[in-house]
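A short worksheet on the structure shown next.
In what follows, chains carry the letters A, B, and so on, assigned in the order in which the sequence lines appear, proteins first and then strands, with residues in each chain numbered from 1. Reckoned from all heavy atoms, side chains included, excluding hydrogens, waters and symmetry mates.
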Amino acid sequence: MAETRYRVIFRAEILEGFSEGAVRAELVRLFSLDPKASEKLFDSPAVVIRSGLDKATALIYEKAMSQAGAKVYLEAHSATDAADATGTGGRQEGFAPAAAQDGTPESYEPTAPETGIAQEVEEGDAAEAVSMAPSETNPAPEMVPAEASPLSAGSFVKHAAHASATDATPPVIRPENLGFEFRGTGGEYFRIWIVNFFLTVITVGIYSPWAKVRTRQYFYGNTILDGAGFEYRANPVAILKGRIIALIFFTVSSLVSNLSPIAGLVTALLFFFVVPWLAVRSLSFNATNSAFRNVRFGFDGTMAEAAKAFVLWPLLAMVTLGALFPYAFYRQQLFIVGNSRYGRSSFKFDASPRDYYSVFFACFLIIAACVAMGFGLSFIGGMLGLSALTGPAGGLLGFAAYFIVFAAVTVRMTNLRFNSARLAAHGFSATLDTASYAWLVFTNTLGTVLTLGFFHPWAKVRTARYRTDRLALAAAGPLGTFVAAEERRVSALGEEVGEMFDFEIGL
Amino acid sequence: MIIFRGNWYDGASSTRVPAVATLADGDRLQVLRLPDETLLAEATMAGIRISPRLGATARRLTFEGGALFETEENDAVDKVQRQFHGARGRLHGLVHRLENRLGYVLLAFVVVLGLSAATVRYGVPAAAAWAAFRLPPAACDLASRQTLKILDRAVLSPSELPEKKRAQILSAFASTLSAHTHSPLSIIFRKGGPLGANAFALPSGQIIFTDEMVAAAENDLELAAILSHEAGHVVRRHGLRMLIQDSLLAFLVMSITGDAAGTADILMALPVLLAEQSYSREFEREADRYALKFLDRTGIAPCHFANLLQRIDNQRQERDAPKKNNETTGKEFRWTHYLSTHPDTTERLRPFRKGRCGNPVPGSVQ
């Protein structure tokens, strides 16, 4: 059966009240175009933005573009038409390539796998066939004029002469990766950090929740995606309450474990059971209090799932002498990412356990290589009579190995986590690199130790910038289409207890 | 009339609407969509929450109902805040002003540096001492028992001193022991093994003397002198104070640099270790002062203390000296001194070199 699908067409027509410059800029921003592509948009008589959409999705596009000031037309076509049109058999993902005019249809790689918007298409018969082959010629479609948007009436600044026929192959737009950007600086953060420290000290710690919120907000607010920063909205008073309780726990457990090793062991075991609760509360608190474009994130993991991820699988990993450790780690990441959401849209996580095994295997190889080098060095040193040097040399090698392994694990884990995450139609890409990250960690540590800690603000900013520079969103459409969810209030206790015990969960 | 440009996010979805906020006469703030100037929201300033200024980050004006106007024009928002939020606005801006005036920043830096140094040097030890003297003595017993068990399993072995010798030493100790009824002491003998000639005090009042130490002593008065030093450790609750100080210090370091991603926080332990070593040296000095006072009071010549320790130190150096010819350089020797928990021997023993003790043991040439 031929379902009706729609394509969205732009004919270089501007809605009343907008200026061409503003609309062009807005479209550039919306679709992350480069300047050449945006010129094509306005110079061509008609451009097919997208095709093969169901009506609801087509309307979303129409609304977004109208808000930007562009008049669009929705044309119906049947799914089978699209099938005939394919000469490439390429699967359409995101937007189709801009290089279509060369007549080289396969000039694109998918930026993200299944896009949410295209999902309806995938499920239909036309799944394989929805592509923007340059050879496509449009049979005279029924014109579906753009739906009732209050601004569509009236005159046009630019009127296109050609109606439906597209003569030359319509160029289509391809969004690039939307990179994250970090705008903070070490000097600026140092000032915030030192005043935080100062105020915390003179208020005997009472100011510390406000300091924490300020710090988080600085880093969130300076992380920019698509021109907007993130937001941290936690209430310092809630954090203060959580901290006081956490401090009591910590003091008691410290003293107990120091005075009696057995009681300490019992406390540690008890803590093990509290972990699922901590995990869920901490993740919920952080998620609910994070927002982007005034839509909050959320976390919906249950205590039962947390118990499996943070108690059961690690226990099994211990029992199997570490063989299941990568799998346990995989389950934790799945728990965290898979239960997170932005507004009402859930994150999906599609890494596999094998990915984690290869990360750990790679690190084993690195450690083995360092150990082998160490032995080799001491052997050669012994032969050459330089045994006095092998001690310090071995120490240095050990240090270097530590940094490299630390960096390798962090880099691979971070890359894997982001590259496997999806949100609706969008994907993420992380391109951290072991060598440069190892150098970053080394210089940060050196700086911090040598300055007795005062380099810490610069270290933190450097790390944040490093990470955001290498993180991008593979956007498959405008970012304005997420719907907010109802939110419950979450207490800060889990987050604060977790932090007090240096229990790091989350991204 | 104050106007500033920004983006409007209504909170129901993530849609961004370019908009402009205007504040005409009166206290009503209007948000108008661009470019058609449709009214998106209007409210009195009292109903609008303004986020505090933070570096150069975007500022947020939140309306009742959760809608948000976000702008990068911080100066304009400051003006609005000063005009309408009065004292509250000034308070919010206070922290940002502190962060922006170099003078304040320098002041904060100096204060923090000074306070940190003072805390590590004086604050932590003082707090630990305060706590240690208020904990019941029984708090130490369990820890001491466990420690002794661990020592016995790891390094110490049963003493090989004959019973007569032990009884002789104990009677020499009698006066010292009876002088300490408020912090009861008990003597334990062990073979030191790798620990050599040594004596330890456990917080519970148990004091361990190794056979090697007994062998190194030329008379029982020397051992009694060492006992007074160990008694000082017990009376001043050094074991418990050390425990608390370590925990406090580690906690402080962690709370300051704990959120460090991209730093190997395991190496943050280095400064803590160094601080701990200096705490230990301070405790040893305190025990020495106690011993000196006690010896003076009970009429035992302090030089006995000096003689025994010097003799042991000389023996140790003779044992280590042959190694010097092979690989270890002088530099390595000095490093271990710096990292040791006991203050330098010559310096340390100087106050004890008084009284009449037969032949004083000279310090060896380093």
Side-chain angles (χ1 to χ4, degrees), chain A residues 17-19 22 67 151 183-184 188-192 194-195 197-199 201-202 214-215 217-218 221-222 228-229 231 250 254-255 258-261 292-295 342-343 387-388 402-403 406 440-441 444-445 448-449 452-454 456 459-460 462-463 466 479-484 499 502, chain B residues 7 9-18 34-36 51-52 54-58 60 66-68 70 95 98-100 104-105 107-109 111-113 115-116 139-140 142-143 146 243-244 246-247 251 253-264 266-268 270-271 327-329:
Chain A
F18 289 81
S19 73
Q67 278 174 348
L151 304 167
R183 290 194 189 153
E188 192 179 54
Y189 179 54
F190 172 75
R191 290 195 294 241
I192 295 173
I194 197 81
V195 171
F197 209 141
F198 174 69
L199 290 173
V201 157
I202 60 174
R214 208 166 162 78
T215 298
Q217 178 52 31
Y218 180 79
N222 276 313
E231 203 187 331
F250 180 78
S254 256
L255 275 175
N258 272 325
L259 290 177
S260 159
F292 178 68
R293 292 164 71 137
N294 207 17
V295 171
Y342 174 61
S387 9
Y402 173 74
F403 279 111
F406 182 82
L440 174 79
V441 174
N444 278 348
T445 311
T448 311
V449 170
L452 297 179
F454 284 95
H456 174 73
K460 216 168 157 197
R462 290 177 86 214
T463 307
Y466 181 92
L479 299 184
T481 57
F482 291 94
V483 176
E499 210 176 85
D502 199 21
Chain B
N7 288 308
Y9 300 103
D10 66 357
S13 79
S14 59
T15 311
R16 165 193 292 159
V17 181
L34 289 178
D36 55 303
S51 68
L54 183 57
T57 58
R60 289 172 172 97
L68 184 64
E70 201 175 273
V95 178
L98 283 180
E99 290 162 1
N100 265 26
Y104 287 130
V105 169
L107 173 70
F109 177 72
V111 168
V112 164
L113 190 60
L115 266 175
S116 308
C140 316
L142 189 53
Q146 310 279 18
L243 222 62
I244 301 176
D246 280 358
S247 302
F251 175 68
V253 170
M254 194 199 77
S255 58
I256 292 166
T257 58
D259 60 348
T263 328
I266 201 174
L267 291 175
M268 293 306 129
L270 278 175
E327 301 128 16
T328 61
T329 62

For this session: Sort A:I192 into side chain, backbone, both or neither according to what part of it lies under 4.5 angstrom from a heavy atom of chain B.
Result: both
For this session: Taking all heavy atoms of B:L54 and all of A:Y218, pick out the closest pair and write down the distance.
Result: CD2-N, 3.4 Å
For this session: Over all heavy atoms of both residues, which pair between A:R191 and B:E99 is shortest? Give the atoms and the distance, please.
Result: CD-O, 2.7 Å
For this session: Would you check if the side chain of B:S14 reaches a backbone N or O of A:L479 as a donor-acceptor pair within less than 3.5 Å?
Result: yes
Problem set entry | For chain B, the option from A:F454, A:Y342, A:F190 that forms the most heavy-atom pairs under 4.5 Å | A:F454
Seminar exercise, completed: A:N294 and B:D10 have their tightest heavy-atom pair at ND2-C, 3.8 Å
Problem set entry | Under 4.5 Å from any heavy atom of chain B - which part of A:Y466 | neither
Exercise. Which pair of heavy atoms, one from A:A484 and one from B:G11, lies closest together, and at what distance?
Worked result: CB-O, 3.1 Å
Seminar exercise, completed: The interface call for A:E188 against chain B, heavy-atom contacts under 4.5 Å, is side chain
Seminar exercise, completed: Closest heavy-atom pair, A:R214 versus B:P52, reported as atoms and distance to 0.1 Å, is NH1-CB, 4.2 Å
Exercise. Minimum heavy-atom separation for B:T15 to A:Q67, with atom names?
Worked result: CG2-OE1, 3.5 Å
Exercise. Do you know which of B:F109, B:Y104, B:Y9 has the most heavy-atom pairs under 4.5 Å to chain A?
Worked result: B:Y9
Exercise. Of the listed residues (B:N7, B:V112, B:L113), which shares the most heavy-atom pairs with chain A below a 4.5 Å separation?
Worked result: B:V112
Exercise. Checking B:L68 against chain A: side chain, backbone, both or neither under 4.5 Å from a heavy atom?
Worked result: both
Problem set entry | Residue part contacting chain A, namely of B:A12, when any heavy atom lies under 4.5 Å | backbone
Exercise. Checking A:A228 against chain B: side chain, backbone, both or neither under 4.5 Å from a heavy atom?
Worked result: both
Exercise. Heavy-atom distance under 4.5 Å to chain A: side chain of B:V105, backbone, both or neither?
Worked result: both
Exercise. Can you say whether A:L199 sits under 4.5 Å from chain B via the side chain, the backbone, both, or neither, judging by heavy atoms?
Worked result: side chain
